[in-house]
Amino acid sequence: MPELPEVETIKLGLQKYLVGHKITGVDARLKKMVTGDTKHVTGAKVTGVRRFGKGLVIDLDNNYSIAIHIKLTGQLIYADAKRKPPKEIKVIKEMHSSLPNKWTHVIFHLDSPRGEAGRNSVLYYNDFRQFGWIRIIKSEKLKDESFFGSLGPEFFKDLTLGKFMEIVGKSKVAIKPLLMDQKKMSGVGNIYANDGLNLAKISPQRKASSLNQTEIKTLYHAIEKVLKKGIETGGASELSYVNALGQEGTYQNHFITYGREGKPCKNCGTILKKIKIGGRGTYFCPTCQR
DNA sequence: AGTATCCTGGAA
DNA sequence: TTCCAGGATACT
């Protein structure tokens, strides 16, 4: 699922390809996906792209911004006229050869790329489960992460080891749902929580406050390690994630536990199990994760 | 802490 | 044909 590494990868792509473009029009094919007035976007130039946890912000030069959450299956794909149609939603067998397709709910029309008069670029928002959202809002309301639901401190940003130890130490919930609780700490979802816990050899069912200092420290570094791997590999294209050019990442080839129930633990060889914790699929090794 | 909600394609 | 996953939120 799109988590910190996936959204970071999209952000980097948009910073490279989208910034500098003027948005010439917005086509909200599925109205509910967009809230706020699209007239504030039309004619504005993209000045920057930011990320807060799993949330994205596209800043414009008119004091408005576009806040986006792609949730489970959102895709933000930049394309210009001469680029080949990007790959699309992987989970759906019936592949389409071109964009826009039936899952393209919003189209941002852009001005022409440099030196290509007459050819217009576009930014597509595809989302086959329609859980994501796009909100057009004054930039002043997006100064920090509070817009995305009072996000907790973020890995690689303001979540220091000290803060992590404090949060884990005083939480009564199981460690895995705590890692995924965006209000407590932001960026981690199901894939990286599962993999990080296996690397740290900690059971996902452990009550957070039962972890000792060494375990918390090990877990902190393990989570950062898998997140880094996720960023390096361009994210996990398990379901429908693609980067800003519609290309898949490769972290799914490096899954440690996620989606690997019935397969051997990469650490000790024990067959991995799948259970549910807090209603979410949880993959772990019953032998080495204690 | 558990459950319904949003939604769709695929698995059972 | 029914059931299920899943990020985040709203309830109970």
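So you know, we letter chains A, B, ... as the sequences are listed, proteins then strands, and number each from 1.
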Shared hydrophobic cluster, A/I231 / A/V188 (ILVMFWY, side-chain heavy atoms < 4.5 Å): yes
Checking all strands, does A/Q182 fall into the base, sugar-phosphate, or nothing category for heavy-atom contacts under 4.0 angstrom? sugar-phosphate
Between the two ends of the helix from B/dA1-C/dT12 to B/dA12-C/dT1, what is the bend in degrees, rounded to 10 degrees, where each end axis spans five pairs? 60°
OP1 or OP2 of C/dC4 sitting under 4.0 Å from any side-chain N/O of A/K276? no
Apply side chain to side chain donor-acceptor pair (under 3.5 Å) to A/N198 and A/N194, showing your working. CA-CA 6 Å; A/N198 180 272; A/N194 278 298; over 6 Å; no
Tell me whether the side-chain N/O atoms of A/H69 come closer than 4.0 Å to OP1 or OP2 in C/dG7. no
Answer yes or no: does a side-chain N or O of A/W103 lie under 4.0 Å from OP1 or OP2 of B/dG9? yes
Between A/K183 and A/L72, the residue closer to the 5' end of DNA chain C by nearest nucleotide is A/L72
Any side-chain N or O of A/K71 under 4.0 Å from OP1/OP2 of C/dG6? no
Tell me what A/Y192 touches on the nucleic acid: a base, only sugar-phosphate, or nothing, going by heavy atoms under 4.0 Å. nothing
To the nearest angstrom, how far is A/E261 atom CD from C/dC4 atom C1'? 14 Å
Does any residue of residues 130-147 of chain A have a heavy atom under 4.0 Å from DNA chain B, and if so, which ones, in number order? A/Q130, A/F131
Quick one: A/F128 CZ to B/dG9 C1', roughly how many Å, whole number? 6 Å
Considering every strand and a 4.0 Å limit on heavy-atom distances, what is the contact class for A/G281: base, sugar-phosphate, or nothing? sugar-phosphate
NA contact type, A/K274, heavy-atom cut-off 4.0 Å: base, sugar-phosphate, or nothing? nothing
Checking A/T282 against A/K176 for the side chain to side chain donor-acceptor pair (under 3.5 Å) test, could you report, in this order, the C-alpha distance in whole Å, the side-chain angles of both residues, the deciding distance, and whether it holds? CA-CA 9 Å; A/T282 300; A/K176 187 188 170 235; 2.9 Å; yes
Side-chain contact test, heavy atoms from C-beta onward, threshold under 4.5 Å: evaluate it for A/V46 versus A/L14 and give yes or no. no
